[in-house]
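Keep in mind that this is a model prediction, so the values were computed, not measured. In what follows, every heavy atom counts, from backbone to side chain, and hydrogens, waters and symmetry copies are set aside.
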Amino acid sequence: MKNFGFGLMRLPTTDPQSAGAIDVEQVKKMVDLFIQKGFTYFDTAWMYCGFQSEPTVKEVLTSRYPRDKFTLASKLHNGFFNSLEDRDNVFNEQLKKTGVEYFDYYMLHGIESGSYPKYEQFDCFNWLKDKKERGLVKTAGISFHATAELLDEILTKYPFIQFVQLQINYLDWESQWIQSRKCYEVAVKHGKWVTVMEPVKGGTLAKVPPEVEELFKAHDANASPASWAIRFAASLPEVKMVLSGMSNLSQMEDNLSFMENFKPLTEEEKAMVMKAGDIINSQIAVPCTGCSYCTEGCPQKIAIPQYFSLFNEDMREHLEEKGWTVNFTNYANLTKSFGAAKDCVGCGQCEEMCPQHLPIIERLKEVSAHFDR
């Protein structure tokens, strides 16, 4: 199996303001090209794309290809069960929605310090083990967003877990919050292989500052910024799979161009991307990946990831010289369909869901101070 997977979390849409308005015909073309090039791994989850990712899997993949042409991963998220029965109800519905009789890979989703007690309360680890023993899950894993210490505790307690899905990219490699390197090393210590999510950090590493772009082009004028990010993750020895949430056909074509015949980074190239990471980290105001977990339950329907993206762009600008950027207009247009940053009521549900552990409420105040004039 090749070490590159199609993450079905940021699919192309027919309406940029609706994650669930999936451009099915474009996704079919992406799936066809992906399989044509010899890749098989697809990753989805219950709430991806406004809860439409799993049904789209059936439409674009499982109803169009025989079962031996693809492998499918999905997940159980703690936000969607509140009883022992709920776990099975979600799982059975996922099988139905995706159109398969079993999952090749299945994970307990987004484990962090706040959600781990709930997975324990409802005995989800042993529930997952039972699914594997019954053949409904071929490979059991966890998707993890917490400290290396907690990961060590979990893998010690539940040795039957076969793999760990981690956020790994060259920006977060030494992050004290994400702990990419430390978590990777814990997984390796326990003999688990690793699947990588967010190798391009929600698109942040696909659109890099000019000085980073110049650094990359000096080494290889034809390589895209995203290629350096994905190859960094894929070059780690115990990484079996790197997921990319490709949101259009051109991104798919670019990713396949360097992953079809993958070449690990040299030591010189590793040093270069780490230098790039230092430059980028110094310019990011809010390290949001745009996963949108925070928005599903927002009572004010605030477009949190979009506002953070606009804010980050403006923080890179020399505003004392410009005074105004097009992002003010972009922000105003978004507020016609969504709540403004100033509308935040501080309920905190967004922070509970955020895998990056961002202080979203405080950051929205900064966004509001900047844009709500």
| request: Could you tell me whether the side chain of E120 and the main chain of Y116 form a donor-acceptor pair under 3.5 Å? | output: no
| message | Less than 4.5 Å apart, side chain to side chain, heavy atoms only: is that true for F144 and I154? | response | yes
| So, the side chain of S115 versus the backbone of N78: is there a donor-acceptor pair under 3.5 Å, distance only? | no
| request: Specify the closest pair of heavy atoms between A206 and V200, including all atoms of both residues, with the distance to one decimal. | output: N-CG1, 3.4 Å
| field | Among K182, K157, K189, salt bridge (Lys or Arg N to Asp or Glu O under 4.0 Å) partner for D152 | value | K189
| task | Test R67 against D104 for salt bridge (charged side-chain N to carboxylate O under 4.0 Å, His left out), laying out the working first. | result | CA-CA 10 Å; R67 191 64 178 87; D104 300 277; 2.8 Å; yes
| query | For the residue pair Y170 and F232, does the interplanar ring angle fall in the parallel (under 30°), tilted (30 to 60°) or perpendicular (over 60°) class? | reply | perpendicular
| task | Without swapping roles, check the side chain of H190 against the backbone of K192 for a donor-acceptor pair under 3.5 Å. | result | no
| Aromatic rings H370 and F328: how do their planes relate, parallel, tilted or perpendicular, breaks at 30° and 60°? | tilted
| request: Would you confirm whether S18, through its side chain, and D15, through its main-chain N or O, come within 3.5 Å as a donor-acceptor pair? | output: no
| request: State whether the number of non-hydrogen atoms from other residues, nucleotides or ligands found under 6.0 Å of K96 atom NZ is greater than 12. | output: no
| query | Under the 3.5 angstrom rule, does the side chain of S180 hit a backbone N or O of D172 as a donor-acceptor pair? | reply | yes
List the atom pairs, donor and acceptor, that lie under 3.5 Å between side-chain atoms in residues 47-57 and the rest of the protein, sequence neighbours left out.
unit_1 : atom_1 : unit_2 : atom_2 : d
Y48    : OH     : K75    : NZ     : 3.3
S53    : OG     : L8     : O      : 2.8
S53    : OG     : T44    : OG1    : 2.7
E54    : OE1    : K97    : NZ     : 3.1
E54    : OE2    : S74    : OG     : 2.7
E54    : OE2    : Q94    : NE2    : 2.8
T56    : OG1    : Q52    : O      : 2.7

Please tabulate, for the side chains in residues 294-305, all donor-acceptor contacts under 3.5 angstrom to protein atoms that are two or more places apart in sequence or on a different chain.
unit_1 : atom_1 : unit_2 : atom_2 : d
T295   : OG1    : S292   : O      : 2.9
Q300   : NE2    : D343   : O      : 3.2

| said: Pairing donors with acceptors under 3.5 angstrom, does anything connect the side chains of D32 and Y65? | reply: yes
| remark: Note: N327 and F371 closest approach over all heavy atoms is O-CE2, 3.7 Å
| request: Decide whether a cation-pi geometry holds between K138 and Y102; the criteria are a distance under 6.0 Å from NZ or CZ to the six-membered ring centre and an angle within 45° of the ring axis. | output: yes
| remark: Here the pair of heavy atoms bringing V196 nearest to P199 is CG1-CB, 4.1 Å
| task | Report yes or no: do L364 and I361 belong to one cluster of Ile/Leu/Val/Met/Phe/Trp/Tyr joined by side chain heavy-atom distances under 4.5 Å? | result | no
| said: Contact between E211 and Q283 at the side-chain level, heavy atoms closer than 4.5 Å - yes or no? | reply: yes
| Hydrophobic cluster membership, I360 vs V345, 4.5 Å side-chain cutoff | no
| Should E25 and K29 be marked as a salt bridge (charged side-chain N to carboxylate O under 4.0 Å, His left out) after you check the CA-CA gap, both sets of side-chain angles, and the distance that decides it? | CA-CA 7 Å; E25 294 308 311; K29 293 177 182 178; over 6 Å; no
| Between the side chain of S309 and the main-chain N/O of Q306, is any donor-acceptor distance below 3.5 Å? | no
| field | Distance-only donor-acceptor check, side chains Y331 and D372, under 3.5 Å | value | yes
| field | Backbone N/O of L171 and side chain of N281: donor-acceptor pair under 3.5 Å | value | yes
| NZ (K69) with more than 12 external heavy atoms under 6.0 Å | no
| Closest approach of M241 and G5, non-hydrogen atoms and distance? | SD-N, 3.3 Å
| query | Do Q356 and E198 have side-chain atoms, one donor and one acceptor, less than 3.5 Å apart? | reply | no
| query | Looking at F216 and A276, what are the two nearest heavy atoms and their distance? | reply | CZ-CB, 3.7 Å
| message | Assigning hydrophobic clusters by single linkage (Ile, Leu, Val, Met, Phe, Trp, Tyr; side-chain heavy-atom cutoff under 4.5 Å), is M197 placed with L11? | response | no
| message | I'd like to know if the side chain of N312 reaches the main chain of I284, judged simply by a donor and an acceptor atom lying under 3.5 Å from each other, with no hydrogens or angles considered. | response | no
| task | Look at the rings of W173 and Y184 and say which category their plane angle falls in: under 30° parallel, 30 to 60° tilted, over 60° perpendicular. | result | tilted
| said: Taking the ring of F4 and the ring of Y41, is the distance between their centroids below 6.0 Å? | reply: no
| request: Inspect the contact between E214 and K217 and indicate whether a charged nitrogen and a carboxylate oxygen are less than 4.0 angstrom apart. | output: no
| Within 45° of the six-membered ring axis of F91 and under 6.0 Å from that ring's centre, is NZ or CZ of K131 located there? | yes
| message | Is it true that, when you exclude K28 itself, more than 12 heavy atoms of the residues, nucleotides or ligands shown sit nearer than 6.0 Å to its NZ? | response | yes
| message | Is there a side-chain contact between L155 and I161 in this structure, where contact means two heavy atoms from C-beta onward sitting under 4.5 Å apart? | response | yes
| field | Atom of M30, atom of M246 and distance for their closest heavy-atom approach | value | CE-O, 3.5 Å
| message | In this structure, is the centre-to-centre distance between the rings of Y307 and F338 below 6.0 Å? | response | no
| note | Sequence neighbours excluded, the answer for side chain to side chain donor-acceptor pair (under 3.5 Å) partners of S63 is none
| message | Does E149 have more than 12 heavy atoms from other residues, nucleotides or ligands lying within 6.0 Å of its CD? | response | no
| said: Within the 3.5 Å criterion, strictly below it, is a donor on H109 or Y293 matched to an acceptor on the partner's side chain? | reply: yes
| query | What orientation do F160 and Y158 show, parallel under 30°, tilted 30 to 60°, or perpendicular over 60°? | reply | perpendicular
